[in-house]
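Basis for what follows: all heavy atoms, side chains included, without hydrogens, waters or symmetry-related copies.
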Amino acid sequence: EMESALTNLHQQVSGVLTISAPMSFAAKHLGKLLVDFQRQYPEVKIDLKLTDRKVDIVEEGIDIALRIGQLKSSALIAKRLTSIRIAICASPDYLKKKGTPQTPRELYGHTYLKYSYADNAMLFAQFGKEGHDIKLRNTINCNNGDLLVDAAICGGGIAIQPTFIAGEALSSGKLQEILSAYAPAPVGLYAVYAHRKFLASKVRSFIDFISDYYGEVPYWDRNE
């Protein structure tokens with residue numbers, strides 16, 4: 001609090017800002033934002049830590065964590081930044097060989113490329129009663145969405161991935177979206193930080209900067 005008060009007193013945003021962010025999202029969509037932010041606040045140094053696991057921002061000394069999904073209630077403050085759309089997709093070659101499912105029941109026997117941290121109950125909830133009997137053959141289980149999208153492009157199976165990863169392949173035709181009427185409900189991208197009476201100016205400045213950066217419909221969906 002003393003550091004924050006002194007920094008604000010001098011009206012200069014500076015110091016090391018420690019950010020935790022999901023690996024694929026950061027690699028594809030965070031670089032330009034960080035450069036733009038530092039052009040406006042050149043005295044701020046960024047310490048970026050990439051991981052898809054849920055970090056304890058207090059214990060691990062994280063100023064801001066970017067998180068994707070449905071957030072549970074906690075003592076942390078969460079600022080919603082944009083909407084994240086999720087697509088069910090596969091390569092045209094795979095669908096030609098295995099058939100294009102028109103209903104969830106037709107997924108029976110298909111190969112599922114599973115993201116390790118995905119909640120299958122949540123992903124398949126939109127299938128309703130039809131989802132109870134679905135049996136997917138899970139051949140690859142991975143904690144990185146980029147690899148799963150690449151595997152889907154190569155004909156390895158069906159992936160359920162956010163469009164910030166799969167959007168480029170969908171727009172180029174390397175992947176084809178299926179069962180769009182049954183796609184998981186969009187989730188949010190959030191900036192999460194600890195509640196403090198005095199919020200360091202570097203943290204407040206970054207929150208203000210990123211709040212409207214992507215917009216409600218982010219550019220990767222506008223260009224899809």
Side-chain angles (χ1 to χ4, degrees), residues 21-29 50-54 66-72 80 82-190 216-224:
M23 195 170 298
S24 293
F25 179 82
K28 290 180 176 295
H29 305 291
L50 302 186
T51 178
D52 286 343
R53 70 178 178 85
K54 185 178 178 181
L66 300 183
R67 290 181 180 168
I68 296 170
Q70 303 286 356
L71 299 189
K72 296 180 180 179
R80 191 177 185 281
T82 192
S83 180
I84 301 295
R85 193 171 79 80
I86 300 171
I88 307 171
C89 51
S91 73
D93 183 58
Y94 172 88
L95 296 173
K96 184 177 180 180
K97 291 178 180 177
K98 298 286 189 176
T100 302
Q102 302 298 322
T103 67
R105 287 191 182 278
E106 293 178 22
L107 285 170
Y108 183 84
H110 277 273
T111 301
Y112 174 41
L113 304 171
K114 183 180 183 299
Y115 178 58
S116 303
Y117 298 124
D119 181 347
N120 278 350
M122 183 190 76
L123 289 175
F124 296 148
Q126 74 281 1
F127 293 162
K129 293 181 179 179
E130 291 186 73
H132 295 314
D133 299 325
I134 293 175
K135 290 187 173 29
L136 296 172
R137 194 165 62 95
N138 179 208
T139 55
I140 298 178
N141 187 66
C142 180
N143 65 350
N144 182 264
D146 284 296
L147 185 142
L148 295 175
V149 166
D150 283 344
I153 290 171
C154 293
I158 294 172
I160 303 178
Q161 286 293 313
T163 54
F164 68 75
I165 298 178
E168 186 176 338
L170 287 168
S171 62
S172 67
K174 293 179 180 179
L175 288 179
Q176 180 179 326
E177 187 169 2
I178 61 173
L179 298 172
S180 56
Y182 299 92
V187 296
L189 170 67
Y190 296 87
E216 180 54 33
V217 179
Y219 65 85
W220 54 83
D221 282 338
R222 294 195 297 266
N223 297 334
E224 186 180 326

| task | Taking all heavy atoms of L66 and all of P22, pick out the closest pair and write down the distance. | result | O-CD, 3.2 Å
| request: Quick one: pull up CG in N143 and CG in D52 and give me the separation to the nearest 0.5 Å. | output: 6.5 Å
| message | Please give me the minimum heavy-atom distance between G155 and S91, naming the atom from each residue. | response | CA-OG, 3.5 Å
| So how far is it from L113 CG to Y94 OH, rounded to the nearest 0.5 Å? | 8.0 Å
| said: Could you measure the distance from the OG1 atom of T103 to the CG atom of L179? Nearest 0.5 Å is fine. | reply: 7.5 Å
| field | Test side chain to side chain contact (heavy atoms under 4.5 Å, CB included) applied to C142 - qualifying residues, sequence neighbours left out | value | I140, N144, L147, L148
| said: Just checking E168: does its CD atom have more than 12 heavy atoms from other residues, nucleotides or ligands closer to it than 6.0 angstrom? | reply: no
| Whether H29 and W220 hold their rings parallel, tilted or perpendicular, with breakpoints at 30° and 60° | tilted
| Measuring from S171:OG to E177:CD, what's the distance to the nearest 0.5 Å? | 12.0 Å
| Do you know which two heavy atoms are closest between N141 and S116, and how far apart they sit? | ND2-OG, 3.5 Å
| said: Under the rule for side-chain hydrogen bond (donor to acceptor under 3.5 Å, both in side chains), what residues qualify as partners of E216, not counting sequence neighbours? | reply: R80
| said: Within the structure provided, determine whether L95 and P101 are in side-chain contact (heavy-atom separation under 4.5 Å). | reply: yes
| query | Any side-chain heavy atom of I68 sitting closer than 4.5 Å to one from P162? | reply | no
| query | Roughly how far, to the nearest 0.5 Å, is CD1 of I158 from OH of Y112? | reply | 10.0 Å
| Does some side-chain heavy atom of D146 sit less than 4.5 Å from a side-chain heavy atom of K28? | yes
| task | Locate the shortest heavy-atom distance separating I86 from A183; write the atom from each residue and the value. | result | O-CB, 3.7 Å
| task | Return the minimal non-hydrogen interatomic distance between L175 and V149, and the atom names on each side. | result | CD1-CG1, 3.9 Å
| Sub-3.5 Å donor-acceptor pair from the side chain of Y182 to the main-chain atoms of I88, do we have one? | no
| request: With rounding to the nearest 0.5 Å, note down the distance linking CG in L107 to CD in Q102. | output: 10.5 Å
| note | Scanning both residues in full, the closest heavy-atom pair of G156 with T139 reads O-OG1, 4.4 Å
